[in-house]
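Each remark here refers to the structure printed beneath this line.
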Amino acid sequence: MCFSLKWIKPALCSLAVTAITFTATACNAQSIDIEAPKPTITYEPLTDFAVKQTINLIDHGVIPDDGKDDRAALVAVIEQVAKQNIPTKLVFQQGQYHFSSMPRRVYAVNIINMSDLIIDGQGSTIVVTNPESGVFNVRLSQRIVIKNFAGIDYDPLPFTQGTLVAVDKEAQTFDLRVDDGFPLPSESYFKKSQRSWGQLKDRNVPGKLKDLANASAVFDCTWQDMGNRIFRFKTPKSDCFAWMEVGDKYVHLARTNMAQNFHADDSQDITVMNMTVYSSPASTFAANSCERFSVIGSKALLKPGRWHSNNADAVHCQRNRIGPLIENCYFEGIIDDPVNIYSVRSRILKRLDDYNLLVKQMRPRTFTHDESIGQTLTLLRQRTGTILGTYTITSVTDIDKAVKVTVDGKLPELIINDAKHPRYDNGDVAFSSHNLSRNFVLRNNTFRVGQRHCIIMGGHGIVEGNTFDQLSGPGLSILNHNRGLNDAEGLLTGDLIIRNNTFVNCDFGPFAYATKQAYGNLYLGSKTWDQQPGQQQLIGRVLIENNTFKNIRKAGINLNNAHDVLIRNNTFTSSMDTPLDPDVSHAAIMMDNVSKVKITSNTLTDPRPRKITFIKKTDSVMDIYVLDNAVQ
């Protein structure tokens with residue numbers, strides 16, 4: 001069978017029922033040139049280095065297995081090392097340690113303005129007794145390696161879990177019997193936490209969101225102690241009750257965003273290596289405004305009997321200059337995004353004249369004289385998802401809590417945030433090129449039984465050899481838009497290599513952004529401030545090759561607002577018992593507002609009676625070349 005390119009869409013109905021090999025050359029079709037991704041700047045992570053002194057912490061009162069607080073003695077050693085300012089290695093003797101003597105929302109271990117420090121846990125475990133405090137905090141530091149901790153956990157835990165014993169849809173209440181060994185919601189830190197919300201879980205698969213349940217984020221709960229470890233929860237989220245049944249598992253968080261397991265801020269050459277984390281009040285690992293932040297061989301794990309691990313993203317990276325590198329890690333049971341790599345827009349307060357903007361200052365600072373001069377300033381119109389222009393920054397000047405940015409070219413007329421609806425934040429925004437979270441690597445990791453998706457909002461990156469298993473949203477989302485009405489994030493120009501990954505049972509939703517939309521196992525797209533499709537093809541130069549997409553419910557690849565994309569040698573397959581989502585369309589490859597796409601040497605095998613089609617596209621897709629794809 002032969003298809004000219006302009007006939008691809010009308011002929012799609014035959015793709016689902018007939019084994020076809022597409023051979024564009026047989027139709028005398030002309031190939032198209034695809035611009036390859038520009039190189040990603042990679043680096044060797046810092047894992048070890050020569051030191052001038054090694055300190056055995058047991059000699060300084062940091063004693064394992066005695067049940068006493070070890071934090072104070074450890075902090076005293078770190079403070080002394082900071083004064084010495086020489087390359088140092090701190091060594092734990094293997095055993096269990098307790099961190100107890102810090103107030104709420106304060107990190108146990110602070111490494112500030114330090115350099116050349118290694119902390120080696122040698123297989124030790126840490127128990128944190130304040131569920132509102134984080135563990136490691138690195139700031140304004142260089143060349144820090146923290147490694148070899150076999151387990152970091154909390155007692156009491158920063159979450160609770162239990163089983164639904166009653167559901168009243170009319171009253172919008174559900175009764176939860178809290179499992180033995182887990183804290184009661186009556187503990188004060190649940191009500192004092194920055195974000196207290198819950199999630200309905202699969203009763204048979206610990207960590208996994210209940211299949212198709214619109215109860216992934218049960219907010220604004222109140223609860224009443226009914227006795228006998230039973231608590232009656234009430235929530236205004238009425239749509240979640242349609243999915244609740246007696247016997248379901250439910251997890252409720254006491255999330256404290258400023259209490260992450262590991263946080264790095266405004267630092268260089270920071271590595272976390274071989275660290276296993278069982279619970280955290282917020283993210284497992286996070287880095288803000290860093291260069292060469294690496295997470296290697298580390299894990300977030302579900303302990304036996306638990307339906308949840310960490311309260312926020314496994315790896316959360318904001319405004320980094322180069323990196324992160326995430327390699328050989330294993331993350332499961334995360335209640336938020338397994339990975340979130342993004343930049344942050346600067347709100348434009350005023351167009352002063354043709355060459356000067358007044359923008360809101362951020363912390364850590366986005367615009368500083370040393371870093372900003374000579375960098376590119378990009379203006380994005382959030383209302384349409386289009387770039388207004390790029391300029392070179394020639395000067396920055398602080399003005400109160402804002403900064404005046406001067407550029408080398410004439411500025412366009414701008415939309416300033418509508419004062420009548422300030423929380424929507426839908427005005428034009430600015431991005432500085434030096435901290436756009438580009439040049440990252442995700443390699444040989446496993447992300448399984450988690451909520452939402454791995455988010456990439458930064459270009460010039462490599463995603464290879466990973467497994468995305470039973471994530472409720474897409475396994476991987478390449479995005480160029482804000483994540484919510486008041487959380488504008490992400491400027492992406494593409495240059496991505498996505499290869500040798502496996503996607504299994506992902507996007508079983510409904511997904512956070514739209515409950516009736518097929519996002520797919522791999523999603524690439526741009527949206528406006530209010531989650532409408534963007535107008536401009538902002539994602540460019542993408543290679544998608546040698547990936548395997550298993551058990552597709554909606555789409556394998558969903559490609560939107562992109563150009564110069566090569567999709568080759570991928571495999572799409574599903575088992576007989578994998579259900580298709582009844583409310584959305586289905587295809588191995590879906591496309592909208594895309595140009596210059598080559599789809600070659602891919603294989604679709606679907607034994608289900610209701611098969612997915614190979615390609616579905618809108619009329620906005622231009623310059624598509626299809627060659628040697630097998631569909632059966």
Side-chain angles (χ1 to χ4, degrees), residues 46 51 53 55 57 60-62 68-92 97-121 124-149 152-154 158 194 256-273 275 277 279-295 298 310-312 315-320 324 363-365:
L46 181 69
V51 298
Q53 65 175 345
I55 297 175
L57 291 170
H60 297 267
V62 185
K68 298 180 180 179
D69 177 35
D70 299 288
R71 174 183 175 266
L74 175 61
V75 168
V77 174
I78 291 175
E79 290 176 348
Q80 184 61 37
V81 170
K83 294 176 182 178
Q84 295 172 334
N85 194 29
I86 61 174
T88 300
K89 184 175 185 178
L90 304 181
V91 179
F92 284 78
Y97 297 83
H98 287 77
F99 291 168
S100 305
S101 59
M102 62 284 190
R104 62 194 292 260
R105 301 183 183 177
V106 172
Y107 284 93
V109 180
N110 291 279
I111 299 168
I112 301 173
N113 283 310
M114 296 184 67
S115 62
D116 296 288
L117 175 66
I118 298 173
I119 300 179
D120 189 344
S124 296
T125 61
I126 295 172
V127 177
V128 183
T129 61
N130 187 333
E132 296 179 278
S133 296
V135 186
F136 295 102
N137 179 38
V138 178
R139 183 160 59 88
L140 298 171
S141 297
Q142 301 81 38
R143 294 173 58 81
I144 308 295
V145 177
I146 301 180
K147 60 184 180 180
N148 300 332
F149 285 92
I152 297 178
D153 206 355
Y154 279 73
Q194 292 173 307
T256 303
N257 289 340
M258 59 185 68
Q260 297 164 112
N261 169 70
F262 181 97
H263 175 76
D265 193 61
D266 206 7
S267 298
Q268 297 81 43
D269 294 301
I270 310 298
T271 299
V272 184
M273 187 174 179
M275 180 182 290
V277 182
S279 63
S280 173
S283 294
T284 319
F285 307 106
N288 183 5
S289 300
C290 290
E291 293 183 22
R292 297 178 297 277
F293 172 67
S294 304
V295 183
S298 294
N310 290 198
N311 282 7
V315 182
H316 185 104
C317 290
Q318 175 194 134
R319 288 188 287 166
N320 286 291
R363 302 290 183 216
R365 295 191 50 161

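If you read the sequence from its start, that first residue is 1, and numbering goes on from there. No experiment lies behind these values; they were computed from the predicted model shown.
Tested against Ile144 for a side-chain contact (heavy atoms from CB on, under 4.5 Å), the candidates Ile118, Thr271, Ile270, Leu46 yield a single pass: Ile270.
Residues that satisfy the side-chain contact (heavy atoms from CB on, under 4.5 Å) test with Gln194, not counting sequence neighbours, are Arg105, Thr256, Asn257, Met258. Partners of Phe99 by ring pair (Phe, Tyr, Trp, His ring centres under 6.0 Å), not counting sequence neighbours: none found. Tyr154 pairs by the ring pair (Phe, Tyr, Trp, His ring centres under 6.0 Å) definition with nothing, not counting sequence neighbours. In this view, Asn148 and Asp120, Asn274 satisfy the side-chain contact (heavy atoms from CB on, under 4.5 Å) rule, not counting sequence neighbours. Every side chain to side chain donor-acceptor pair (under 3.5 Å) that Ser294 has, sequence neighbours left out, goes to Tyr43. Residues forming a side-chain contact (heavy atoms from CB on, under 4.5 Å) with Asn110 (at least two apart in sequence, or on another chain): Tyr107, Ile112, Asn137. Residues satisfying the side chain to side chain donor-acceptor pair (under 3.5 Å) test with Thr284, not counting sequence neighbours, are Asn310. Take Asp116 and apply the salt bridge (charged side-chain N to carboxylate O under 4.0 Å, His left out) test, not counting sequence neighbours, and it matches Arg143. With sequence neighbours excluded, the residues satisfying side-chain contact (heavy atoms from CB on, under 4.5 Å) with Val127 are Gln96, His98, Asp155.
Contact check for Val135 versus Phe262: no side-chain heavy atoms found under the 4.5 Å cut-off. The shortest side-chain heavy-atom distance between Gln80 and Ile55 does not fall under the 4.5 Å cut-off. A heavy-atom distance below 4.5 Å is found between the side chains of Ile146 and Ile111.
How far CG of Leu117 is from CD1 of Ile119: 4.5 Å, rounded to the nearest 0.5 Å. One finds the CG atom of Asp153 at 9.0 Å from the OG1 atom of Thr125 (value rounded to the nearest 0.5 Å). The distance from the CZ atom of Arg104 to the CD atom of Glu132 is 4.0 Å, given to the nearest 0.5 Å. Going from atom CZ of Arg139 over to atom SG of Cys290 covers 11.5 Å, rounded to the nearest 0.5 Å.
Between Phe293 and Ala287, the closest heavy-atom pair is CD2-CB, 3.3 Å. Contact detail for Ala72 and Ser101: the closest heavy-atom pair is N-OG, 4.0 Å. Nearest heavy-atom pair across Gln53 and Val81 is NE2-CG2, 4.5 Å. Shown here for Pro131 and Pro158, the closest heavy-atom pair between the two residues is O-CB, 3.8 Å. Taking both residues in full, the closest heavy atoms of His263 and Asp265 are given as NE2-CB, 3.6 Å, listed atom of the first, atom of the second, then distance. The two atoms that bring Val128 and Met102 nearest to each other are CG1-CE, 3.3 Å, heavy atoms only.
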Steps toward side-chain hydrogen bond (donor to acceptor under 3.5 Å, both in side chains) verdict (Asn311, Ser280): CA-CA 6 Å; Asn311 282 7; Ser280 173; over 6 Å; no
Give the intermediate values and the outcome of side chain to side chain contact (heavy atoms under 4.5 Å, CB included) for residues Asn261 and Ser279. CA-CA 8 Å; Asn261 169 70; Ser279 63; over 6 Å; no
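Applying the salt bridge (Lys or Arg N to Asp or Glu O under 4.0 Å) rule to pairs touching residues 282-293 yields Asp269-Arg292, sequence neighbours excluded. The ring pair (Phe, Tyr, Trp, His ring centres under 6.0 Å) contacts involving residues 124-148 comprise Phe136-Phe149, where partners must be two or more places apart or lie in separate chains. Legend: salt bridge (Lys or Arg N to Asp or Glu O under 4.0 Å) pairs involving residues 69-81, not counting sequence neighbours: none detected.
A donor-acceptor pair is defined here as one N or O able to donate and one able to accept, closer than 3.5 Å; such a pair exists between the side chain of Ser141 and the backbone of Met114. A donor-acceptor pair under 3.5 Å is formed between the side chain of Ser267 and the backbone N or O of Leu140. Ser283 places no side-chain N or O within donor-acceptor distance of the main-chain N or O of Ala312, the cut-off being under 3.5 Å.
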